[in-house]
Amino acid sequence: MRLINCEAQFKALFERTKDAVFLLDLNGVHIAANKRASEIFGYEPEELERLTYKDLSLEIDASEQVMKRLLAGENIPKYRRLFRHKDGRIIPVEIDIEIVKNSKGAPIYLQSIVQDISERVAFEKHTAYNAKFQKMLMEIAIDFLRITPGHFDEALNQLLKSVGLFCQVDRTYYFRYDHVAKTTSNTHEWCAEGVTPEIENLQDIPFTLIETWVNAHFNGNTIYIPDVQNLEESTLKEILSSQGIKTLITIPVMNGDLCLGFVGFDAVNALKIWTDEERALLEMLSILIGNAEIRLDNDRKLSLALNQAEAANSAKSKFLANMSHEIRTPLNGILGMLNLLIKSGIDEHQKEYANKAEAYSKNLLNTLNDILDYAKMEKSAMKLEDEVFKLSQVFDEIEAIVYPSAHDKGLTFGIELDPRLPDTLMGDVSKFKQVLINLLGNSVKFTHAGSVNVEVTYESQQDLTVNLLIVVKDTGIGIDADHLNRIFEPFMQVEDSVNRRYGGTGLGLSIVKEIVELMHGHVIVKSTINLGSAFYITLPFQKVMTSLDETSQKQVSSLNHEILQTLKSLEISIRQQKPKDCKHLMEIIDGTTLHNGYKTQLDELKRYLKHFEFESAHEIVITLIDELE
Ligand code: ADP
């Protein structure tokens, strides 16, 4: 009775379990199989009992190996196999097999529990597919972040291809909406092998032809047509069918509320089911494209604005240069006239006014020169000119210019020239002086007590060159650390109010830096607030071996200066054709010690003036001014 009960219980268990259960002899032939086994593999129970494991397994070799290991006494953990349904379908299964032994430990039969894991495997595949899809999108996103305007088309074509291949569709494409012309055009397309491209046929399609379609996109909605054949008869169905499309999905590409276009995926050869996850990923893709479109559009606008700004800036520089030039010419005339006025025997009182007017005019000229230099700098039009000069003479002139203003402020001013330095050098001396005057002008301007000093020595010397080191030091207001590294930028002034308190354009130091670097030198500044500043300049100059006649050099330079002022006033008088002034000027020219180099021209000039031949005289004056400047 107990035995009968036991067998009945076993039978009930055998049949109730939701997995297939097989009992096999030691050769792998089925002894028994439960009903579930019949259901899963599609065989009648009697049919199953005639089969061996080899008739179900698709991986016979691997299954044979398992049998061998079992018979050898090994325990086999659960494993996966591919089995075949009677109708040929492949069924992934998980097998839990063990050997049943008698009381003496000898194997009698095998017991195998086979679980149909089709759903689990499908789920795993699905998850792996989505993960791969996400990874691909990430990579595309990174590429799209780095995209530059010239590479958008290439990147978008690549994207359409990658997604098309991955999702196994037949055609992928991008359309742009033209909101002005109210049409849409296919701009990018990828087709699988053997699929006809449609891009040529899909240009300038009017919105009116596909109104519902366009409206859906404009509202930010995806259009998903699982089976085109199920669409009601319409123009849309006609258009899609004519391209052989079976399944279609298009996702709008938005910029806020504005629909820029759409990205679409056609299945031509077979229907395609798009899962919710895939659709979510495609939406991400459309966001990516949208972002790239917006960014590139911004880049385009930015570069347009930049070009316009550059054009405006260059026009401004040109205007600055022209204006400063225009103002400089009459200003030179004013200076010349003032010079004549001072020499014309006016009384002391008048002389004082004239001197002040001359000083203001010179200030104005300096500011104008700064602006002109800056404009030239911006247009990269500044050029260097080589000239032989005497270092000692340069510093004598600098002293003559700076000393009066330093003295007026009660500052001590000194220049220390290293005696080991060669005196005759070659380089752009006027730019060199401009650098020194700018720096010293600042030092005097920003120092209220103490001293302003210049030390001139060298950093290095070779046979043919010397690298001058010039240190301009003052005990002035100093520059705070925050401003120090921006001090060479154009228009940079430490305080906004500086302009009002100290005057200036904020251009001086940027011009200094530009000139020094143009001359292949460099400039640095060290400064402590309230203690003072020191500017260190190194500048290379060529040594001049031939010893020049010093006195003639000096004469030339002072004569040039004197005569230049005279000539400038003369030029204005000649233009206005005032014979009286000419006479007066001729006297001045006569009184000047003429340098041999200009004697002929000046004689000729006098001759023309004597006969009031203004045109020829004007020409000579202009040539002389050009040569002397
Ligand atoms: P500007 O003197 O015309 O204002 P600069 O370019 O020559 O223009 O100088 C820029 C600014 O740098 C000045 O306005 C001033 O704030 C600061 N600066 C220049 N030189 C000195 C100096 N020696 N001591 C203190 N501040 C200075």
Side-chain angles (χ1 to χ4, degrees), residues 317 320 324 327-328 359-378 382 398-399 401-416 430-456 469-519 521-537 539:
S317 300
L320 267 182
S324 332
I327 303 170
R328 212 161 59 143
Y360 287 131
S361 307
K362 278 185 179 160
N363 261 347
L364 186 57
L365 192 62
N366 280 342
T367 307
L368 272 177
N369 283 339
D370 268 5
I371 297 174
L372 193 62
D373 280 343
Y374 176 69
K376 276 192 204 158
M377 228 167 74
E378 279 220 312
M382 208 188 290
I398 296 292
E399 185 164 27
I401 296 168
V402 180
Y403 181 80
S405 45
H407 184 258
D408 284 353
K409 288 186 82 175
L411 307 173
T412 50
F413 175 64
I415 298 178
E416 215 177 286
S430 59
K431 293 219 166 47
F432 180 34
K433 282 189 222 163
Q434 197 179 347
V435 166
L436 295 169
I437 290 170
N438 261 326
L439 292 179
L440 284 162
N442 277 345
S443 283
V444 173
K445 184 160 69 170
F446 295 109
T447 305
H448 303 302
S451 60
V452 171
N453 284 305
V454 189
E455 287 161 26
V456 191
L469 170 65
I470 302 125
V471 188
V472 175
K473 265 189 195 155
D474 64 57
T475 57
I477 61 172
I479 304 161
D480 62 277
D482 282 353
H483 288 91
L484 207 55
N485 49 2
R486 295 187 47 215
I487 207 73
F488 292 104
E489 289 172 20
F491 306 108
M492 173 67 199
Q493 295 187 314
V494 171
E495 295 169 47
D496 285 346
S497 58
V498 155
N499 201 335
R500 259 168 286 134
R501 219 184 323 157
Y502 295 103
T505 53
L507 290 174
L509 288 184
S510 65
I511 293 170
V512 164
K513 188 168 157 57
E514 191 73 18
I515 294 179
V516 168
E517 285 173 1
L518 188 71
M519 292 172 85
H522 51 263
V523 51
I524 56 161
V525 55
K526 290 182 185 168
S527 188
T528 313
I529 198 98
N530 294 330
L531 285 182
S533 313
F535 288 82
Y536 297 78
I537 306 146
L539 276 179

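Throughout, residue positions are numbered sequentially from 1 according to the sequence presented. Numbering of ligands and ligand atoms starts at 1, following listing order.
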As an exercise, identify every atom of ligand 1 less than 4.0 angstrom from a heavy atom of [X].
X: Gly478; value: 25 (C)
X: Asn442; value: 2 (O), 5 (P), 7 (O), 9 (O), 19 (C), 20 (N)
X: Leu507; value: 6 (O), 8 (O)

> Do you know which two heavy atoms are closest between Ala406 and Phe413, and how far apart they sit?
Replying inline: CB-CB, 3.9 Å
> Should the heavy atoms of other residues, nucleotides or ligands under 6.0 Å from OH of Tyr403 be counted, would the total exceed 12?
Replying inline: no
>> Please report the interatomic distance CG(Leu484) to OG1(Thr528), rounded to the nearest 0.5 Å.
In response: 9.0 Å
>> With rounding to the nearest 0.5 angstrom, report the CG to CD1 distance, Leu436 to Ile401.
In response: 9.5 Å
Is there a polar contact, in the sense of an N or O pair closer than 3.5 Å, between [X] and ligand 1?
X: Ile487; result: no
X: Gly508; result: yes
X: Asp474; result: yes

> Looking only at heavy atoms, is any part of His483 under 4.0 Å from ligand 1, and if so is it the side chain, the backbone, or both, or is it neither?
Replying inline: neither
> Is ligand 1 under 4.0 Å from a heavy atom in the side chain of Ile479, in the backbone, in both, or in neither?
Replying inline: side chain
>> Is there a side-chain contact between Phe535 and Val512 in this structure, where contact means two heavy atoms from C-beta onward sitting under 4.5 Å apart?
In response: no
> Any non-hydrogen atom of Ser533 lying under 4.0 Å from ligand 1?
Replying inline: yes
> Out of Val472, Val444, Val454, which residue meets the side-chain contact (heavy atoms from CB on, under 4.5 Å) rule with Leu439?
Replying inline: Val472
> Is a donor on one side and an acceptor on the other found under 3.5 Å between the side chain of Asp474 and the backbone of Val452?
Replying inline: no
